[in-house]
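Each remark here refers to the structure printed beneath this line.
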Amino acid sequence: MLVGARVRQVRLLRRDVAHSFTCDGSHHRTKRRDLLLGDTIESLTRHGKELTINSGTGPLICVHLGMSGQLWYQPSRLHLQRRDHVHCIWWIDSPTISGRLVFRDPRRFGGLWTFPSTKALHATRWSRLGPDALSIGTQTLRRRLCQTRRPIKAALLDQHVVAGIGNIYADEILFAAQIHPLSISNSISTMDYRTLAHTIHSILRRAIAAGGSTTHDYIDGHGQPGSFAKCHQVYGRPLQPCLRCGQQLQSIKVIQRTTIVCPKCQRIFNGPRVRWPSNNRTGVRTAIDHINKMPAK
DNA sequence: ATGGGATCCTGTGAGC
DNA sequence: TGCTCACAGGATCCCA
(Lines give C-alpha, C1' and ligand atoms only; values in the text may rest on other atoms or scores of the structure.)
Protein backbone atom coordinates (compact mmCIF):
# COMPACT_ATOMS: atom_id res chain seq x y z
CA MET A 1 0.00 0.00 0.00
CA LEU A 2 2.75 2.43 0.92
CA VAL A 3 5.08 1.81 -2.02
CA GLY A 4 4.33 4.38 -4.71
CA ALA A 5 2.39 6.65 -2.35
CA ARG A 6 3.32 10.31 -1.94
CA VAL A 7 3.69 11.94 1.47
CA ARG A 8 1.36 14.94 1.24
CA GLN A 9 1.68 16.13 4.85
CA VAL A 10 3.60 15.19 7.99
CA ARG A 11 2.94 16.08 11.61
CA LEU A 12 5.46 15.28 14.33
CA LEU A 13 3.59 15.58 17.62
CA ARG A 14 6.45 14.57 19.93
CA ARG A 15 9.88 15.76 18.92
CA ASP A 16 11.84 13.51 21.27
CA VAL A 17 10.76 10.31 19.49
CA ALA A 18 12.54 11.39 16.30
CA HIS A 19 16.30 11.50 15.78
CA SER A 20 17.84 12.87 12.58
CA PHE A 21 21.33 12.27 11.26
CA THR A 22 23.40 13.78 8.48
CA CYS A 23 25.87 12.00 6.17
CA ASP A 24 28.74 12.44 8.63
CA GLY A 25 26.74 10.91 11.49
CA SER A 26 26.05 14.17 13.30
CA HIS A 27 22.70 14.84 14.89
CA HIS A 28 20.26 17.63 14.03
CA ARG A 29 16.72 18.80 14.78
CA THR A 30 14.16 16.79 12.82
CA LYS A 31 12.48 18.71 10.01
CA ARG A 32 9.40 17.59 8.12
CA ARG A 33 11.59 17.08 5.06
CA ASP A 34 13.56 14.48 7.05
CA LEU A 35 10.25 12.69 7.58
CA LEU A 36 9.79 12.47 3.79
CA LEU A 37 7.38 15.41 3.33
CA GLY A 38 6.75 15.74 -0.41
CA ASP A 39 8.58 12.50 -1.25
CA THR A 40 7.26 9.35 -2.86
CA ILE A 41 7.82 6.11 -0.95
CA GLU A 42 9.87 3.88 -3.20
CA SER A 43 10.49 0.82 -1.05
CA LEU A 44 10.40 -0.69 2.43
CA THR A 45 13.23 -2.71 3.93
CA ARG A 46 13.82 -4.45 7.23
CA HIS A 47 16.76 -5.75 9.21
CA GLY A 48 16.04 -7.50 12.49
CA LYS A 49 13.53 -5.46 14.43
CA GLU A 50 14.15 -2.27 12.44
CA LEU A 51 12.30 -1.29 9.30
CA THR A 52 12.85 1.54 6.87
CA ILE A 53 10.57 3.62 4.71
CA ASN A 54 12.68 4.71 1.74
CA SER A 55 12.05 7.67 -0.55
CA GLY A 56 12.97 7.59 -4.20
CA THR A 57 15.49 10.41 -3.77
CA GLY A 58 17.56 8.83 -0.96
CA PRO A 59 16.32 10.01 2.44
CA LEU A 60 14.71 7.35 4.62
CA ILE A 61 13.04 6.77 7.98
CA CYS A 62 14.11 3.91 10.22
CA VAL A 63 11.41 2.73 12.65
CA HIS A 64 11.84 0.63 15.80
CA LEU A 65 8.62 -0.26 17.64
CA GLY A 66 10.27 -1.08 20.98
CA MET A 67 7.83 -2.86 23.30
CA SER A 68 4.62 -0.97 22.65
CA GLY A 69 5.06 0.74 19.28
CA GLN A 70 2.53 0.58 16.45
CA LEU A 71 2.79 1.66 12.83
CA TRP A 72 -0.77 1.77 11.62
CA TYR A 73 -2.38 2.69 8.29
CA GLN A 74 -5.83 4.25 8.61
CA PRO A 75 -7.96 5.20 5.57
CA SER A 76 -8.85 8.90 5.59
CA ARG A 77 -12.59 8.15 5.50
CA LEU A 78 -12.26 6.84 9.07
CA HIS A 79 -11.86 9.03 12.13
CA LEU A 80 -8.39 8.74 13.60
CA GLN A 81 -8.40 5.51 15.60
CA ARG A 82 -6.86 6.23 19.05
CA ARG A 83 -5.30 9.67 19.36
CA ASP A 84 -3.46 8.85 22.61
CA HIS A 85 0.31 8.50 22.42
CA VAL A 86 0.32 9.22 18.68
CA HIS A 87 3.73 10.77 17.99
CA CYS A 88 3.85 11.12 14.21
CA ILE A 89 1.29 11.13 11.39
CA TRP A 90 1.97 10.96 7.65
CA TRP A 91 -0.84 11.76 5.21
CA ILE A 92 -0.21 9.68 2.11
CA ASP A 93 -1.88 9.43 -1.30
CA SER A 94 -1.54 7.15 -4.29
CA PRO A 95 -3.85 6.17 -7.19
CA THR A 96 -5.17 3.35 -5.01
CA ILE A 97 -5.07 4.65 -1.41
CA SER A 98 -5.58 7.83 0.57
CA GLY A 99 -5.04 7.81 4.29
CA ARG A 100 -2.76 8.26 7.26
CA LEU A 101 0.20 6.31 8.52
CA VAL A 102 0.28 6.68 12.30
CA PHE A 103 3.20 6.02 14.65
CA ARG A 104 1.91 5.38 18.15
CA ASP A 105 4.11 4.31 21.07
CA PRO A 106 2.74 4.60 24.64
CA ARG A 107 5.94 3.53 26.43
CA ARG A 108 8.24 5.40 24.04
CA PHE A 109 10.89 2.69 23.99
CA GLY A 110 10.62 2.80 20.20
CA GLY A 111 11.39 5.71 17.92
CA LEU A 112 12.09 7.15 14.49
CA TRP A 113 15.57 7.74 13.06
CA THR A 114 15.99 9.61 9.80
CA PHE A 115 18.98 9.41 7.45
CA PRO A 116 19.88 11.11 4.16
CA SER A 117 20.80 7.77 2.54
CA THR A 118 21.01 4.01 2.98
CA LYS A 119 24.77 4.43 3.31
CA ALA A 120 24.31 6.76 6.29
CA LEU A 121 21.83 4.32 7.88
CA HIS A 122 24.37 1.52 7.67
CA ALA A 123 27.27 3.66 8.86
CA THR A 124 25.38 5.01 11.86
CA ARG A 125 23.06 2.20 12.86
CA TRP A 126 22.70 -1.05 10.93
CA SER A 127 26.42 -1.90 10.87
CA ARG A 128 26.08 -2.63 14.60
CA LEU A 129 23.40 -5.29 14.01
CA GLY A 130 24.18 -8.96 13.47
CA PRO A 131 22.87 -10.91 10.46
CA ASP A 132 19.10 -11.05 10.13
CA ALA A 133 17.56 -13.99 12.00
CA LEU A 134 15.27 -15.00 9.13
CA SER A 135 18.14 -15.66 6.77
CA ILE A 136 21.15 -16.46 9.00
CA GLY A 137 22.89 -19.69 7.95
CA THR A 138 23.99 -22.51 10.23
CA GLN A 139 27.71 -21.76 9.90
CA THR A 140 27.32 -18.03 10.51
CA LEU A 141 25.12 -18.66 13.53
CA ARG A 142 27.57 -21.22 14.89
CA ARG A 143 30.56 -18.95 14.34
CA ARG A 144 28.87 -16.07 16.15
CA LEU A 145 27.56 -18.15 19.06
CA CYS A 146 30.96 -19.83 19.47
CA GLN A 147 32.55 -16.46 20.23
CA THR A 148 30.89 -16.20 23.62
CA ARG A 149 30.32 -18.20 26.80
CA ARG A 150 27.19 -16.33 27.79
CA PRO A 151 23.94 -18.28 28.26
CA ILE A 152 22.56 -19.00 24.80
CA LYS A 153 19.39 -17.01 25.43
CA ALA A 154 21.45 -13.92 26.30
CA ALA A 155 23.34 -14.33 23.00
CA LEU A 156 20.15 -14.81 20.95
CA LEU A 157 18.62 -11.67 22.47
CA ASP A 158 21.76 -9.65 21.68
CA GLN A 159 20.97 -7.82 18.43
CA HIS A 160 24.70 -7.51 17.69
CA VAL A 161 24.96 -11.32 17.53
CA VAL A 162 21.82 -11.99 15.50
CA ALA A 163 19.16 -9.40 14.71
CA GLY A 164 15.45 -9.97 15.10
CA ILE A 165 14.88 -12.30 18.06
CA GLY A 166 13.06 -10.94 21.11
CA ASN A 167 12.05 -12.45 24.42
CA ILE A 168 8.97 -14.33 23.20
CA TYR A 169 10.68 -15.95 20.23
CA ALA A 170 13.90 -16.76 22.11
CA ASP A 171 11.84 -18.89 24.50
CA GLU A 172 9.79 -20.50 21.73
CA ILE A 173 12.89 -21.22 19.61
CA LEU A 174 14.90 -22.76 22.46
CA PHE A 175 11.95 -24.91 23.51
CA ALA A 176 11.41 -26.15 19.93
CA ALA A 177 15.15 -26.86 19.57
CA GLN A 178 15.14 -28.55 23.01
CA ILE A 179 18.02 -26.42 24.23
CA HIS A 180 18.03 -24.98 27.75
CA PRO A 181 18.29 -21.15 27.74
CA LEU A 182 21.17 -21.29 30.26
CA SER A 183 23.26 -23.53 27.99
CA ILE A 184 26.64 -21.99 27.31
CA SER A 185 26.59 -20.50 23.79
CA ASN A 186 29.77 -22.16 22.59
CA SER A 187 29.04 -25.55 24.14
CA ILE A 188 26.20 -26.96 22.09
CA SER A 189 26.87 -29.66 19.50
CA THR A 190 27.34 -29.07 15.76
CA MET A 191 24.06 -30.83 15.04
CA ASP A 192 22.26 -28.60 17.51
CA TYR A 193 23.53 -25.41 15.85
CA ARG A 194 21.91 -26.73 12.66
CA THR A 195 18.69 -27.53 14.51
CA LEU A 196 18.79 -24.08 16.11
CA ALA A 197 19.23 -22.29 12.78
CA HIS A 198 16.34 -24.23 11.22
CA THR A 199 14.17 -23.63 14.27
CA ILE A 200 14.82 -19.87 14.21
CA HIS A 201 13.68 -19.73 10.57
CA SER A 202 10.70 -21.98 11.14
CA ILE A 203 9.31 -20.25 14.26
CA LEU A 204 9.76 -16.75 12.84
CA ARG A 205 8.16 -17.68 9.50
CA ARG A 206 5.18 -19.26 11.24
CA ALA A 207 4.85 -16.26 13.58
CA ILE A 208 4.94 -13.82 10.67
CA ALA A 209 2.35 -15.89 8.77
CA ALA A 210 0.10 -15.70 11.86
CA GLY A 211 0.50 -11.90 12.02
CA GLY A 212 2.79 -11.94 15.08
CA SER A 213 2.20 -12.55 18.80
CA THR A 214 -0.38 -10.33 20.46
CA THR A 215 -0.08 -10.88 24.20
CA HIS A 216 -1.17 -7.38 25.20
CA ASP A 217 -1.70 -4.72 22.56
CA TYR A 218 0.42 -5.47 19.50
CA ILE A 219 -1.32 -4.67 16.21
CA ASP A 220 -0.08 -4.89 12.64
CA GLY A 221 -0.10 -2.21 9.96
CA HIS A 222 -3.85 -2.63 9.44
CA GLY A 223 -4.65 -2.39 13.16
CA GLN A 224 -5.20 -6.16 13.48
CA PRO A 225 -3.83 -8.31 16.33
CA GLY A 226 -1.66 -11.31 15.52
CA SER A 227 -2.70 -14.85 16.38
CA PHE A 228 0.64 -16.56 17.06
CA ALA A 229 0.21 -16.29 20.84
CA LYS A 230 -2.27 -19.18 20.49
CA CYS A 231 0.62 -21.28 19.19
CA HIS A 232 3.04 -20.42 22.02
CA GLN A 233 4.38 -23.61 23.57
CA VAL A 234 6.08 -21.97 26.57
CA TYR A 235 5.85 -18.16 26.61
CA GLY A 236 3.02 -17.10 28.90
CA ARG A 237 2.57 -20.65 30.29
CA PRO A 238 4.57 -20.73 33.57
CA LEU A 239 3.64 -23.57 35.94
CA GLN A 240 1.51 -25.23 33.25
CA PRO A 241 2.38 -28.70 31.90
CA CYS A 242 4.92 -28.96 29.10
CA LEU A 243 3.02 -29.75 25.89
CA ARG A 244 5.75 -32.22 24.94
CA CYS A 245 6.41 -34.19 28.15
CA GLY A 246 3.89 -33.03 30.74
CA GLN A 247 6.52 -31.73 33.18
CA GLN A 248 5.62 -28.44 34.88
CA LEU A 249 7.17 -25.47 33.05
CA GLN A 250 9.51 -23.31 35.14
CA SER A 251 9.76 -19.53 35.18
CA ILE A 252 13.34 -18.34 35.65
CA LYS A 253 15.22 -15.10 34.96
CA VAL A 254 17.93 -14.94 32.33
CA ILE A 255 19.61 -11.52 32.06
CA GLN A 256 16.62 -10.09 33.91
CA ARG A 257 14.15 -11.34 31.33
CA THR A 258 11.34 -13.70 32.27
CA THR A 259 12.15 -17.07 30.75
CA ILE A 260 9.84 -20.08 30.56
CA VAL A 261 11.57 -23.42 30.24
CA CYS A 262 10.82 -27.13 30.43
CA PRO A 263 13.44 -28.51 32.84
CA LYS A 264 12.96 -32.03 31.47
CA CYS A 265 13.07 -31.77 27.71
CA GLN A 266 15.37 -28.74 27.22
CA ARG A 267 18.90 -30.11 27.55
CA ILE A 268 21.60 -28.05 29.15
CA PHE A 269 24.95 -27.78 27.39
CA ASN A 270 27.56 -26.41 29.71
CA GLY A 271 30.84 -27.78 28.44
CA PRO A 272 33.30 -29.79 30.52
CA ARG A 273 33.94 -27.18 33.22
CA VAL A 274 32.17 -23.87 33.48
CA ARG A 275 33.54 -20.88 35.32
CA TRP A 276 30.53 -19.01 36.60
CA PRO A 277 30.60 -16.21 37.32
CA SER A 278 33.70 -15.57 35.27
CA ASN A 279 35.21 -13.21 37.83
CA ASN A 280 34.83 -15.76 40.65
CA ARG A 281 38.41 -16.93 41.11
CA THR A 282 37.76 -19.55 43.70
CA GLY A 283 34.44 -21.06 42.77
CA VAL A 284 33.95 -23.05 39.59
CA ARG A 285 30.27 -23.76 39.21
CA THR A 286 28.23 -25.47 36.55
CA ALA A 287 25.24 -23.87 34.91
CA ILE A 288 23.06 -26.42 36.73
CA ASP A 289 24.42 -25.19 40.08
CA HIS A 290 23.53 -21.69 38.93
CA ILE A 291 19.93 -22.78 38.23
CA ASN A 292 19.68 -24.53 41.59
CA LYS A 293 20.61 -21.31 43.36
CA MET A 294 17.90 -19.36 41.57
CA PRO A 295 14.83 -18.49 43.62
CA ALA A 296 11.83 -20.55 42.58
CA LYS A 297 8.87 -18.54 41.33
C1' DA B 1 33.69 -11.11 29.52
C1' DT B 2 29.71 -11.24 31.95
C1' DG B 3 25.68 -10.39 35.09
C1' DG B 4 23.09 -7.21 37.89
C1' DG B 5 20.82 -3.12 38.52
C1' DA B 6 19.11 1.19 37.02
C1' DT B 7 17.03 3.79 33.53
C1' DC B 8 13.88 5.46 29.94
C1' DC B 9 8.00 5.30 29.93
C1' DT B 10 2.86 4.00 30.38
C1' DG B 11 -0.77 0.65 31.20
C1' DT B 12 -2.68 -3.16 33.61
C1' DG B 13 -3.86 -6.26 37.13
C1' DA B 14 -3.33 -8.07 41.79
C1' DG B 15 -3.66 -7.29 46.52
C1' DC B 16 -5.02 -4.68 50.32
C1' DT C 1 -13.21 2.73 45.24
C1' DG C 2 -8.66 4.03 45.48
C1' DC C 3 -4.07 3.21 46.62
C1' DT C 4 0.56 0.82 46.00
C1' DC C 5 3.33 -2.41 43.82
C1' DA C 6 5.11 -5.54 40.35
C1' DC C 7 5.53 -6.47 35.82
C1' DA C 8 5.35 -6.19 30.59
C1' DG C 9 7.26 -7.32 23.78
C1' DG C 10 13.58 -3.40 24.21
C1' DA C 11 17.99 -1.47 24.61
C1' DT C 12 21.79 0.88 26.87
C1' DC C 13 24.67 2.38 30.53
C1' DC C 14 27.66 1.85 34.63
C1' DC C 15 29.60 -0.97 38.09
C1' DA C 16 31.45 -5.16 40.26
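All chains are named by letter (A, B, ...) in the order of the sequence lines, taking the proteins before the strands, and each is independently numbered beginning at 1. These values consider heavy atoms only, across backbone and side chains, with no hydrogens, waters or symmetry-generated copies. The shown structure was predicted, so the numbers you read here are calculated from the model rather than taken from an experiment.
- Rounded to a whole Å, the CD atom of A:Gln70 is 15 Å from the C1' atom of B:dC9.
- Within the 3.5 Å criterion, the main-chain N or O of A:Val161 finds a donor-acceptor partner in the side chain of A:Arg144.
- Listed pair A:Lys153 / B:dT2 fails the phosphate criterion, with no side-chain N or O lying under 4.0 Å from OP1 or OP2.
- One interatomic measurement links the two molecules: CZ of A:Arg149 to C1' of B:dA1, which rounds to 11 Å at whole-angstrom precision.
- Note on ring orientation: taking the six-membered ring where Trp is involved, the planes of A:His122 and A:Trp126 are perpendicular (angle over 60°, cut-offs 30° and 60°).
- In this structure, A:His216 does not reach the B:dT12 phosphate: none of its side-chain N or O atoms is under 4.0 Å from OP1 or OP2.
- Remark: A:Asp171 engages A:Lys153 in a salt bridge, criterion side-chain N to carboxylate O under 4.0 Å.
- For A:Arg14 and A:Asp105, the salt-bridge test fails: no basic side-chain N is under 4.0 Å from an acidic carboxylate O.
- What separates NZ of A:Lys49 from P of C:dG9 is a distance of 11 Å, to the nearest Å.
- Across the protein-nucleic acid pair, A:Leu182 atom CG and B:dG3 atom P stand 9 Å apart, rounded to whole Å.
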Could you go over nucleotides 5-7 of chain B and give all protein N or O partners under 3.5 Å, atom names and distances?
| from | atom 1 | to | atom 2 | distance (Å) |
| --- | --- | --- | --- | --- |
| B:dG5 | N7 | A:Gln256 | NE2 | 2.3 |

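- Of the candidate nucleotides B:dT2, C:dA11, C:dA8, C:dA8 has the atom lying nearest to any side-chain atom of A:Met67.
- In terms of heavy-atom proximity, A:Val261 sits nearest to A:Pro181 at CG2-CD, 3.5 Å.
- Both A:His85 and A:Thr148 lie near DNA chain B, and the one whose nearest nucleotide falls closer to the 5' end is A:Thr148.
- A donor-acceptor pair shorter than 3.5 Å cannot be found between the side chains of A:Thr199 and A:Thr195.
- Side-chain atoms of A:Arg128 and A:Gln159 include no donor-acceptor pair closer than 3.5 Å.
- With both ends at atom P, the span from C:dC7 to B:dG4 equals 15 Å, rounded to whole Å.
- A cation-pi arrangement, defined by a distance under 6.0 Å to the six-membered ring centre and an angle within 45 degrees of its axis, is present between A:Arg125 and A:Trp113.
- When Watson-Crick and G-U wobble pairs are counted only if both distances are under 3.5 Å, B:dC9 pairs with no nucleotide at all.
- Following rounding to the nearest Å, A:Leu65 (CG) and B:dC8 (C1') show an atom-to-atom distance of 17 Å.
- The distance from atom CG of A:Leu157 to atom P of C:dG9 is 10 Å, rounded to the nearest whole Å.
- Taking only side-chain atoms of A:Arg128, from C-beta outward, the nucleotide of B:dG3, C:dT12, C:dA11 with the closest atom is C:dT12.
- In the region residues 12-21 of chain A, proximity to DNA chain C at under 4.0 angstrom, judged on heavy atoms, holds for none of the residues.
- One atom, OH of A:Tyr169, and another, P of C:dG9, lie 12 Å apart when rounded to the nearest Å.
- A:Tyr235 comes within contact range of the sugar-phosphate backbone alone, with a heavy-atom separation under 4.0 Å but no base atom that close.
- At whole-Å resolution of the value, CD1 in A:Ile252 and P in B:dG4 are 11 Å apart.
- Using modelled atom types and a 3.5 Å distance limit, the side chains of A:Asn54 and A:Ser43 yield a donor-acceptor pair.
- In this structure, the separation between CG on A:Leu112 and OG1 on A:Thr52 is 12.5 Å, given to the nearest 0.5 Å.
- For the residue pair A:Thr259 / A:Lys253, no side-chain donor-acceptor distance below 3.5 Å is found, with atom types taken as modelled.
- Near DNA chain B, meaning a heavy atom under 4.0 Å away, the residues from residues 104-111 of chain A are A:Pro106, A:Arg107, A:Arg108, A:Phe109.
- For the residue pair A:Ser55/A:Thr57, the side-chain donor-acceptor check at 3.5 Å is satisfied.
- Counting heavy atoms from C-beta on, the side chains of A:His232 and A:Ile168 come closer than 4.5 Å.
- Set against C:dA8, B:dT2, C:dG9, the side chain of A:Thr258 has C:dA8 as its closest nucleotide.
- Separation of the C1' atoms belonging to C:dC3 and B:dC8 is 25 Å when rounded to the nearest angstrom.
- In a base pair of the Watson-Crick type (N1 to N3 plus N6-O4 or O6-N4) or a G-U wobble (N1-O2 and O6-N3), with each distance short of 3.5 Å, C:dG9 is matched with no nucleotide.
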